[in-house]
There are 2 protein chains.
Amino acid sequence: MALQPTINDVARAAGVSKGLVSLALNDRAGVAPDTRARILEAAEELGWHPNPSARGLTSRRAYALGLIVRRDPSIIEADPFFSAFIAGVETVLADRGQVLVLSVVPDVESEAKAYTRLAHDKRVDGFLITDLLADDHRIHLIEGLGMHAVTLGEPNVDSTFPVVTRDYDKGIAALADHLMELGHRRIAHVSGDERMLHGRLRREQFERSMSDAGLQAVVVPTDFSPEQGAAATEALLDSAEPPTAIIYGNDPMAIAGMSVAHRRGLRVPGDLSVTGLDGSQIGTYVYPSLTTLRNDPTEWGLAAASSLLRLIEEGASDDVALPPAELVVRASTAPPARP
Amino acid sequence: MALQPTINDVARAAGVSKGLVSLALNDRAGVAPDTRARILEAAEELGWHPNPSARGLTSRRAYALGLIVRRDPSIIEADPFFSAFIAGVETVLADRGQVLVLSVVPDVESEAKAYTRLAHDKRVDGFLITDLLADDHRIHLIEGLGMHAVTLGEPNVDSTFPVVTRDYDKGIAALADHLMELGHRRIAHVSGDERMLHGRLRREQFERSMSDAGLQAVVVPTDFSPEQGAAATEALLDSAEPPTAIIYGNDPMAIAGMSVAHRRGLRVPGDLSVTGLDGSQIGTYVYPSLTTLRNDPTEWGLAAASSLLRLIEEGASDDVALPPAELVVRASTAPPARP
DNA sequence: TTGAAAGCGTTACCAA
DNA sequence: TTGGTAACGCTTTCAA
């Protein structure tokens with residue numbers, strides 16, 4: 001009676017040597033078609049799965065991808081992006097008998113340790129790099145570790161890794177236009193962490209849109225936390241010429257900002273229009289529901305995992321561009337009361 | 001020059017056989033203290049990390065724990081619990097050279113496949129079982145797979161797995177008392193999915209508290225989504241005797257419920273008091289900030305991972321009880337306008 | 001196209 | 001307390 005069947009059991013059942021079983025399993029050339037069929041049938045019948053440890057020992061592959069997420073413990077909070085992103089990754093990996101190794105670390109130091117450990121211990125064959133920073137040190141670190149990787153977004157440093165991107169510029173421009181068409185002139189942007197590349201790019205496009213329209217762009221940078229989103233809102237509303245519309249760098253900040261407005265007796269969108277970015281489900285149910293840009297994290301996951309796997313298995317992989325982010329107009333934007 | 005150093009390099013450097021290196025590495029008996037010291041020193045110097053594939057081949061261990069999260073794609077959304085939970089797990093695993101394998105799956109069928117695959121492929125040594133359901137089929141599935149596991153919460157079916165629990169009864173009672181002391185009499189509970197055990201337990205404690213006070217408990221079950229939270233709120237406010245306070249099964253539903261109230265022109269907490277459960281950071285920044293029960297997901301992660309590792313390594317592990325959930329009173333609760 | 005055999009880097013066992 | 005050697009399950013030569 002079987003523990004787990006091994007390659008020897010399959011070889012015996014198919015009446016061949018285990019070397020052939022290995023060739024057949026891995027779709028390698030040099031196996032007669034009917035022999036291959038017989039082998040695969042025997043494997044199927046015995047319910048044989050090759051043991052990843054044994055494979056890894058000779059092939060030097062882990063059959064796993066690594067995702068390391070850094071989260072300041074004080075900001076440790078729901079991120080609408082990751083569960084859907086990982087679901088996308090999983091879809092690709094499950095089909096190929098691979099797994100995702102996930103690590104959540106509190107700071108840069110343990111982040112570097114985590115990459116190093118996963119690489120040294122050969123626990124993964126490559127990394128998915130999310131939340132790209134300006135001058136992101138991870139690119140260099142991972143290259144130095146001799147590992148493969150794919151970045152979500154285009155790094156601003158030399159990188160040999162394939163890139164998955166989504167255009168936000170059009171979306172940001174559409175969002176700014178939407179507000180201007182409603183009659184807004186004083187539009188502020190509560191931007192995210194300036195060290196994060198995607199936040200910076202969005203801020204730049206916002207500034208471009210505003211200057212194209214001959215308007216002044218007011219930007220308050222934050223760390224993406226609802227706390228700083230609230231503080232930025234207070235500051236903006238206290239200023240000499242408070243904005244009539246605020247574009248927040250993410251939905252949680254927008255929600256916090258709306259609360260500040262409410263607390264001050266301002267009505268949204270009557271007295272203040274508000275938008276998020278990277279629309280999350282919760283944005284649909286707050287009052288008023290949030291105008292935002294739609295993202296699709298699952299798409300990111302599918303694309304990034306496929307690209308990384310191709311890189312690992314074939315030694316090269318193309319960049320991929322996802323469809324541009326789309327404007328979703330809901331109830332938190334309206335013409336200004338006093339334009 | 002070294003690829004990765006192997007156990008042989010260490011053995012040679014320390015002038016012993018590789019068998020001894022293995023014993024020393026694994027803190028096994030039968031190595032002279034000074035020999036052990038010499039070996040560890042040599043290992044340190046060479047920067048040797050044992051290869052998990054090679055270890056796994058003989059020890060039949062994966063040195064990995066599995067977490068499989070099922071999320072209906074339509075409800076795929078931020079869950080404040082997981083990033084902090086995983087950070088806790090990671091803390092325990094990193095110290096021991098182990099990793100977390102994470103899978104996010106859309107339905108029960110792919111969930112079962114994921115458990116089976118991870119077990120058959122020996123990718124993990126045990127599972128962390130979260131979001132326990134009533135009559136949870138996973139207990140039986142995992143036992144049948146011959147795998148170890150730990151459950152977050154006490155299953156209502158026979159289980160041989162250790163259990164990590166946190167008492168919510170006291171917290172729910174305190175929350176109900178808080179509302180009653182404010183003068184509320186008509187208190188409703190928008191509960192979570194009845195199939196989820198923790199939701200059911202909280203509902204039962206709510207009913208107990210209400211009946212102890214001689215009050216009628218109104219309960220509307222949902223699937224934990226903000227959407228159904230909003231719908232439940234509509235239904236409650238439309239009823240003949242609308243509640244003056246609503247306890248929501250989680251913070252996102254409470255936020256959605258508040259929006260419904262706002263939309264109807266009700267003021268929170270003036271016309272309607274509202275509370276969440278399982279306090280999330282975002283609850284601090286909505287307006288008004290949410291009264292809730294505090295949970296600490298990191299604690300869950302630490303306890304569950306430690307317990308599971310002990311089970312795997314020593315064959316047995318004790319149940320662990322985390323400190324009870326605490327009431328956090330913020331601004332969303334106040335005396336009723338017309339009691 | 002196939003079989004036999006030699007690793008891969010550990011752990012486990014048996015002598016010494 | 002130590003060393004030598006045989007697994008572990010697979011991939012990869014090298015012959016046939």
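Below, chains carry the letters A, B, ... as their sequence lines are ordered, and counting in each starts from 1.
Protein chain B contacts DNA chain C from dG9(C) to dA12(C), reading 5' to 3' and using non-hydrogen atoms of the protein with a distance under 4.0 Å.
Asp318(B) approaches Pro162(B) most closely through the heavy-atom pair O-CB, 4.1 Å.
Ile312(B) is not listed as a side-chain neighbour of Ser317(B), based on a closest heavy-atom distance of 4.5 Å or more. Within the 4.5 Å cutoff, side-chain heavy atoms of Leu309(B) are placed close to those of Leu93(B). No side-chain heavy atom of Ile68(A) sits under 4.5 Å from any side-chain heavy atom of Arg138(A). Using a 4.5 Å cut-off on side-chain heavy atoms (C-beta onward), Asp125(A) and His148(A) make no contact. Leu67(A) is listed as a side-chain neighbour of Phe85(A), based on a closest heavy-atom distance under 4.5 Å.
End-to-end axis angle of the helix from dT1(C)-dA16(D) to dA16(C)-dT1(D), from C1' rotation axes over five pairs per end: 40° (rounded to 10 degrees).
Atom CZ of Arg12(A) is separated from atom P of dG9(D) by 12 Å (rounded to the nearest Å). Rounded to an integer number of Å, the gap from Asn51(B) CG to dG9(D) P is 17 Å.
Ion pairing of Asp193(B) with Arg195(B) is present here, as a side-chain N (NZ or NE/NH1/NH2) and a carboxylate O approach within less than 4.0 Å.
Proximity of Thr6(A) to the phosphate of dG9(D): no side-chain N or O atom is located under 4.0 Å from OP1 or OP2.
For His137(B), the NE2 atom counts as densely surrounded, since its 6.0 Å shell holds more than 12 non-hydrogen atoms of other residues, nucleotides or ligands. Counting heavy-atom neighbours within 6.0 Å of Glu313(A) CD, excluding the residue itself, gives a total above 12.
Legend: residues meeting ring-ring contact (aromatic ring centres under 6.0 Å, His included) with His198(A), ordered by chain and number and at least two apart, are Phe224(A).
Paired with Val164(B) under the rule side chain to side chain contact (heavy atoms under 4.5 Å, CB included), one option of Thr151(B), Leu322(B), Leu128(B) passes, and it is Leu322(B). Paired with Val124(A) under the rule side chain to side chain contact (heavy atoms under 4.5 Å, CB included), one option of Leu100(A), Leu65(A), Leu118(A) passes, and it is Leu118(A).
Nucleic acid contact class of Thr35(A) (heavy atoms, under 4.0 Å, all strands): sugar-phosphate only.
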Quiz item: Which parts of nucleotides 11-16 of chain D does protein reach within less than 4.0 Å, heavy atoms only, written one letter per nucleotide 5' to 3' as B for base, S for sugar-phosphate only and - for none?
Solution: BB----

Contacts table for residues 22-37 of chain A: side-chain donor-acceptor under 3.5 angstrom, sequence neighbours left out:
{"from": "Asn26(A)", "atom 1": "OD1", "to": "Arg55(A)", "atom 2": "NH2", "distance (Å)": "2.7"}
{"from": "Asn26(A)", "atom 1": "ND2", "to": "Ser22(A)", "atom 2": "O", "distance (Å)": "2.9"}
{"from": "Arg36(A)", "atom 1": "NH2", "to": "Arg28(A)", "atom 2": "O", "distance (Å)": "2.8"}

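Contacts between residues 92-101 of chain B and DNA chain C, defined by a heavy-atom separation under 4.0 Å, are absent.
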